[in-house]
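One structure is given here, and the rest of the page talks about it.
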Amino acid sequence: MQIEGLKVTDYIKTEGASDQGFGVGTSGIKDDNKANFNTELRTLSVDNAFYDNRGKMTDEDFAKEVNEASALGMSTVDKVKNIERGWDEEATAKAREDGHNPMDMEPEALVTVVDEIKMNLAKAGKDISKMGGLDQDEIQAMTGSVAQAVEMTRGLSDTLPVEAQAYLVKNELEPTITNIYNATYSAPTGPKGTSEPTDEDIISLLEDLGDKLDSLIEQVEGELTESAQKPMTPQELKDTVATMLKQDVPITKEHLEYMVELGEYEKPSEENIVNAIDDIVAEGKEPTDAYLIPGYSLMDQAKKTFEEVMGMDASSLSSITAQRQLTEIQLTMTVEATFTMMKNGITVNTSDLSDLLDKLKLQETNLLQILMKAENNEATNANVNLFKQVMNEMADIQSAPAAMLGRFSNINAETFSYVHEVSVSVTAEYSRMEMTYESVGTEVRTDLGDSMNKAFQNVDDILADLDIEATESSQKAVRVLAYNKMEITAESVTTMKASTEMVARTFKSMTPAVVAEMIKRGENPLDMTMESLKAKAESIKAEMGSTSDEESFSKFLWKAEHNAEISEAERDAYVGVYRLLHQVEKSDGAAIGALISQGTEVTLRNLMTAVRSSKHTGREYEIDDKFGQLDEMVVKDLSITEQIEKVFLTNRCRDAKEAMTPAKMHVFGEEQIMEMNVDQFATAMEETSDEQTEAAYNNYVTEQLKTTIAEDAKVSSILDEYNLPHSANMIAAVEAMVENNGQVFKDLFSKATGRAATTFGALESMDVDDIIELAYSRFADACHTPEEMAEAQEALGTLAENVMKTMIETEDVRTVDMDGMKLVVQQTKVMSEMARTGETYHIPIMVADEAGNMNLKIVRGDGESGLIQMALHLQTTGTVSTTFRYEAGSVSASVECETAQMREMFASQAPMIAQIMQEETGFAFSFSFTQSFGLSAADIYNMEQGNYEGIAAAGVSGEASQDEIQTQALYSIARGYINVIAELF
């Protein structure tokens with residue numbers, strides 16, 4: 001630095017001047033007045049064309065802008081990275097609680113769930129900064145960029161040398177791990193030569209700066225007094241300026257503030273470093289971009305904004321409208337909602353409450369749109385608003401006084417909307433009277449314990465007089481009747497008990513995922529009666545997400561097999577109880593009705609006897625007190641009260657099945673459980689905790705998800721080709737098909753044998769060869785139109801689903817069996833979608849006692865042209881790939897074989913092949929037979945791979961034509977070759 005000829009303006013730069021020269025812009029140094037947004041995202045301002053003439057963005061344009069920025073401001077790669085690093089068992093638990101199966105969710109939805117979880121935790125006042133954090137052992141085990149980032153910080157000193165500070169400021173570098181590391185090891189140190197200014201030179205220069213320097217220091221001092229933890233005196237600031245001059249750092253307000261900040265730097269603890277890495281990864285950046293000084297990350301800015309809003313006093317605002325808006329903002333706003341908006345480049349302006357409130361509401365809507373997206377269609381605003389209304393009204397009903405249930409003569413027939421209307425009215429009534437109450441919801445109100453006991457001391461006596469067992473359900477029914485001053489009789493208690501259970505079952509089934517699916521299907525829960533709403537919710541719940549019957553059974557099995565305290569005998573007994581309740585539910589409580597009609601207590605032991613009795617056809621049996629002893633009986637008709645009791649206990653069977661786990665059952669033991677009635681068992685399971693094995697299972701699912709979610713390019717291209725979701729389950733299914741697409745049918749048909757009734761007819765007397773021959777002939781018969789072939793493919797998928805459903809009732813099924821069958825089902829789903837969207841079919845085939853899969857793809861050209869690609873791979877044959885090129889009534893065929901033996905076999909049968917094909921189609925054929933290495937049957941899935949490269953380049957694969965003549969021609973060629981393969985093998 002040359003002292004001679006130095007001008008004051010070379011070092012002092014006023015705020016707002018050009019960013020050229022020595023100054024620094026917002027891209028590098030922190031400016032409290034400007035958000036330090038991700039430079040890859042757009043920052044919206046009042047100059048944006050989407051804003052109206054009042055400087056506010058319209059709802060439609062705001063929503064569009066958020067969507068265009070992508071759901072969470074990340075690319076697909078960044079979303080996957082975020083999931084790998086940020087998804088944990090807590091996220092799995094939340095997703096499953098909401099009725100989602102994480103393995104079926106796409107990256108966009110998975111990231112959204114993480115944000116939603118953090119929002120809810122923030123609302124509950126929990127510290128979300130540690131979410132996804134790593135302990136010391138985990139850090140030691142880390143690999144990749146996260147480990148690299150942590151390791152880099154271990155080479156840093158606890159404070160920053162002045163040379164490193166100057167390096168960061170002069171080069172306009174933010175205090176990230178990478179930049180501080182580089183500054184520490186790259187900044188020049190030691191003597192700078194003869195031009196180095198002396199202390200006298202610096203003092204003289206400071207004196208020359210005079211009033212301008214004093215004004216700058218006064219301005220910076222004022223800001224530091226308001227914001228800094230350690231305010232600096234004017235002399236300390238002047239000393240900092242002197243240091244900057246010595247280090248050749250231009251003197252600007254921003255530079256001085258940054259030097260002060262760097263001078264106070266202390267290396268964070270390793271725990272805080274990991275938290276900082278979590279925050280930066282959530283922005284879609286690399287771990288080494290994490291900030292080592294608070295206040296720079298979007299998460300820190302979001303927290304600061306959140307604290308600012310929460311610190312506002314509504315009463316200090318002048319208008320009632322502003323007070324209402326602030327109150328609503330404080331109820332709605334979370335750190336994560338603010339963070340997500342910032343991440344999407346949306347300006348968060350706390351001075352305009354109306355604009356902020358609109359943005360918060362639209363941000364919530366945006367998250368819900370992601371979770372409610374129907375297949376490939378975006379969720380409409382109307383659907384999202386209906387979803388929010390249903391969830392809010394359901395919360396109102398659940399928090400209403402339980403006495404509300406007594407206001408209906410038949411709640412089953414009332415609409416959801418009317419039940420909500422009454423619940424709001426009763427809640428207001430209790431509020432006016434300042435009465436405490438137990439709510440409709442099932443959560444225990446501990447604050448009501450003593451008062452409830454005192455107010456209803458004689459409930460058990462009343463129940464004893466009515467000859468009703470004093471279960472928690474019966475006690476609550478008596479209390480509800482008492483609240484409403486209604487007559488307490490056996491009939492009224494039974495009816496109220498059933499009504500209470502019906503409402504509880506309905507809302508238990510109405511998870512967010514179920515409600516969203518119901519709305520996607522065009523149903524409006526608000527207009528449905530409670531009875532139909534319950535039936536619809538339970539039906540959807542049974543078929544989707546983490547709450548499907550098969551998924552629940554798989555979870556129960558896993559917990560039984562991974563609990564070291566449970567013996568094999570206990571495991572089998574507990575699984576038997578699960579199957580028992582499943583059978584009772586499946587039969588709609590027929591066994592319960594049989595017990596009630598005989599006046600026999602509905603214990604699990606008696607219930608098991610009744611279920612076993614029902615399997616003996618041609619006779620009716622009576623249940624004796626001794627377990628397993630059967631005598632002839634006649635079942636009488638049930639009275640109205642008994643029918644209501646049957647419905648109640650059937651619902652409690654469902655409750656018990658959902659709440660039971662092997663660990664909970666182990667607390668009571670098999671003998672005690674078998675003597676419990678259904679209601680007692682359900683209550684015992686609901687009130688017993690099993691956090692340890694639940695967390696272990698969620699961790700298991702989490703590891704599965706993280707292992708699977710990152711697909712390779714080949715799998716990704718296939719998913720895109722057939723418009724399949726990029727979920728973990730779909731990725732695993734496509735990977736399995738690419739690696740060994742014949743295994744799926746071996747697994748399916750080996751488990752399908754011996755089944756009495758399926759979509760393929762009765763299979764009880766058929767072996768695998770027979771079933772495959774049947775399936776092959778069905779495809780041959782169906783090979784006329786895309787619709788018929790899609791139906792044949794769908795039949796295989798239905799068979800797979802039915803086989804998995806029956807595994808719940810099959811003895812000796814273990815987790816590995818369920819996992820294997822779930823993969824089979826996923827593969828058949830992929831096949832069905834490929835058939836529907838891409839005219840790609842998978843045909844079971846048997847060659848020399850080996851089950852396999854023949855792939856067939858129809859590619860339509862223009863007019864009378866097209867391609868048929870068929871490929872199979874077996875140990876017996878190797879890969880055989882055949883391409884038919886159809887052009888105006890003539891067909892050229894290329895048969896490529898991986899082995900010389902197969903090439904010779906096909907070539908020797910050329911006359912027979914040509915004859916069959918001509919008889920089937922009426923076309924003339926020319927064949928070529930070659931041996932080719934490196935063939936893959938999976939090349940058929942993507943036009944850009946393998947054998948399709950040359951064909952695609954030739955321009956044959958144009959847009960699909962629906963010309964009837966073309967369809968007949970292409971499918972007749974395919975049908976003929978299916979018959980050829982049958983003759984050859």
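By convention here, the first residue in the shown sequence is residue 1. Every value quoted in this text rests on a predicted model; they were computed, and no experiment measured them.
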Nearest heavy-atom pair of [X] and [Y]: which atoms, and what distance?
| X | Y | value |
| --- | --- | --- |
| M391 | P512 | CE-CG, 3.9 Å |
| Q247 | A166 | CB-CB, 3.5 Å |
| P102 | R96 | CD-CG, 4.0 Å |
| I277 | P287 | CG2-CB, 3.7 Å |

Quick check: do [X] and [Y] have side-chain heavy atoms less than 4.5 Å from each other?
| X | Y | result |
| --- | --- | --- |
| L292 | P175 | no |
| E266 | D158 | no |
| L110 | L705 | yes |
| T176 | T288 | no |
| K170 | P250 | yes |
| E261 | Y258 | yes |
| Y265 | I180 | yes |
| M152 | L156 | no |

Nearest 0.5 angstrom please: [X] [atom1] to [Y] [atom2], how far?
| X | Y | atom1 | atom2 | value |
| --- | --- | --- | --- | --- |
| L160 | I293 | CG | CD1 | 7.0 Å |
| E257 | L262 | CD | CG | 12.0 Å |
| T92 | E703 | OG1 | CD | 9.0 Å |
| D289 | D279 | CG | CG | 13.0 Å |
| N275 | E270 | CG | CD | 11.5 Å |
| Q323 | D313 | CD | CG | 9.0 Å |

Counting distance only, does the side-chain N/O of [X] pair as donor-acceptor with the main-chain N or O of [Y] below 3.5 Å?
| X | Y | answer |
| --- | --- | --- |
| K706 | W87 | yes |
| E106 | H726 | yes |
| N179 | E174 | yes |
| N698 | E694 | yes |

Original post:
Are any of the side-chain nitrogens in E151 or R154 under 4.0 Å away from the carboxylate oxygens of its partner?
Top reply: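 Salt bridge flag = yes for R154 with E151.
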Original post:
Between D300 and K304, is there a side-chain N and carboxylate O pair less than 4.0 Å apart?
Top reply: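 Judged by the 4.0 Å cut-off on N to carboxylate O distance, D300 and K304 do not form a salt bridge.
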**OP:** Kindly determine whether Y167 and E163 satisfy side chain to side chain donor-acceptor pair (under 3.5 Å), including the steps that lead there.
**Re:** CA-CA 6 Å; Y167 180 91; E163 293 83 3; over 6 Å; no
**OP:** Begin with the C-alpha distance, continue with both residues' side-chain angles, and end with the deciding distance and a verdict on side chain to side chain contact (heavy atoms under 4.5 Å, CB included) for L317 and S319.
**Re:** CA-CA 6 Å; L317 300 176; S319 71; 5.8 Å; no
**OP:** Would you sort out whether I177 and I280 count as a side chain to side chain contact (heavy atoms under 4.5 Å, CB included), showing the intermediate values?
**Re:** CA-CA 11 Å; I177 292 175; I280 207 67; over 6 Å; no
